[in-house]
Amino acid sequence: MTVDELKSLADASAAVTQPCACAIDTYREWTRVPVDFPESQMRIVGTLVADPYGEPTFAEYHPDGTTNWSPEAPIAPRHYPYNRAQVAQCTMCGRCALRYVEAGGYYVEPRIRSLDPRLIVDVPAPD
């Protein structure tokens with residue numbers, strides 16, 4: 001998915017005002033997917049994985065001192081963890097979210113973050 005396609009989905013998602021059980025709009029930073037999340041309402045509409053056979057970078061992009069847990073952290077598609085994320089859309093309300101699976105040494109944790117158009121930045125991947 002291109003950055004322009006991502007921004008287009010983000011703009012449409014941000015325009016949704018109706019309440020929904022997905023509550024995607026409340027996940028402003030990367031969050032563990034809640035147990036009661038309505039997975040059956042979600043569909044994958046794209047991926048930010050550039051090459052499914054390549055190893056994407058683990059470099060993060062935080063020029064203003066944010067962290068992945070910050071609601072104002074930039075959404076940089078060529079940086080971790082966005083470069084491992086899929087874009088999911090709620091079939092009920094149309095909101096979009098980023099999804100990836102954090103795989104630590106002893107656990108696997110699905111994570112979600114709302115797709116905020118204000119935070120999307122088009123910066124190159126680190127060398």
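Note that the structure is predicted; figures quoted are calculated from it, not measured.
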Original post:
Does the side-chain contact (heavy atoms from CB on, under 4.5 Å) test come out yes or no for Leu48 and Arg78, once each step is laid out?
Top reply: CA-CA 8 Å; Leu48 298 181; Arg78 295 177 192 92; over 6 Å; no

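- Looking only at side-chain heavy atoms (C-beta outward), Glu29 and Thr67 stay at 4.5 Å or farther from each other.
- For Gln89 (side chain) and Gly94 (main-chain N/O), a donor-acceptor pair under 3.5 Å exists by modelled atom type.
- Contact of the Ile24 side chain with the Met42 side chain is registered, since non-hydrogen atoms from C-beta on lie closer than 4.5 Å.
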**OP:** Would you check, one step at a time, whether the test side-chain contact (heavy atoms from CB on, under 4.5 Å) holds for Ile75 with Arg113?
**Re:** CA-CA 10 Å; Ile75 296 172; Arg113 184 179 185 191; 3.6 Å; yes

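- Rounding to the nearest 0.5 angstrom, the gap separating the CG atom in Asn83 from the CG atom in Asp51 is 11.5 Å.
- A tilted orientation is assigned to the rings of His79 and Tyr61, their planes being inclined by 30° to 60°.
- Screening Trp30, Tyr100, Phe58 for a ring-ring contact (aromatic ring centres under 6.0 Å, His included) involving Tyr82 leaves a single residue, Trp30.
- The distance from the OG1 atom of Thr17 to the CZ atom of Arg95 is 7.5 Å, given to the nearest 0.5 Å.
- Annotation: side-chain hydrogen bond (donor to acceptor under 3.5 Å, both in side chains) contacts of Thr66 (sequence neighbours excluded): His62.
- Cation-pi contact between Arg111 and Tyr27: absent, since separation from the ring centre below 6.0 Å together with deviation from the ring axis within 45° is not met.
- In the hydrophobic clustering of this structure, Met1 groups with Ile120; members are Ile, Leu, Val, Met, Phe, Trp, Tyr whose side-chain heavy atoms approach within less than 4.5 Å, directly or through other members.
- A search for side-chain hydrogen bond (donor to acceptor under 3.5 Å, both in side chains) contacts involving Tyr80 returns Glu102, not counting sequence neighbours.
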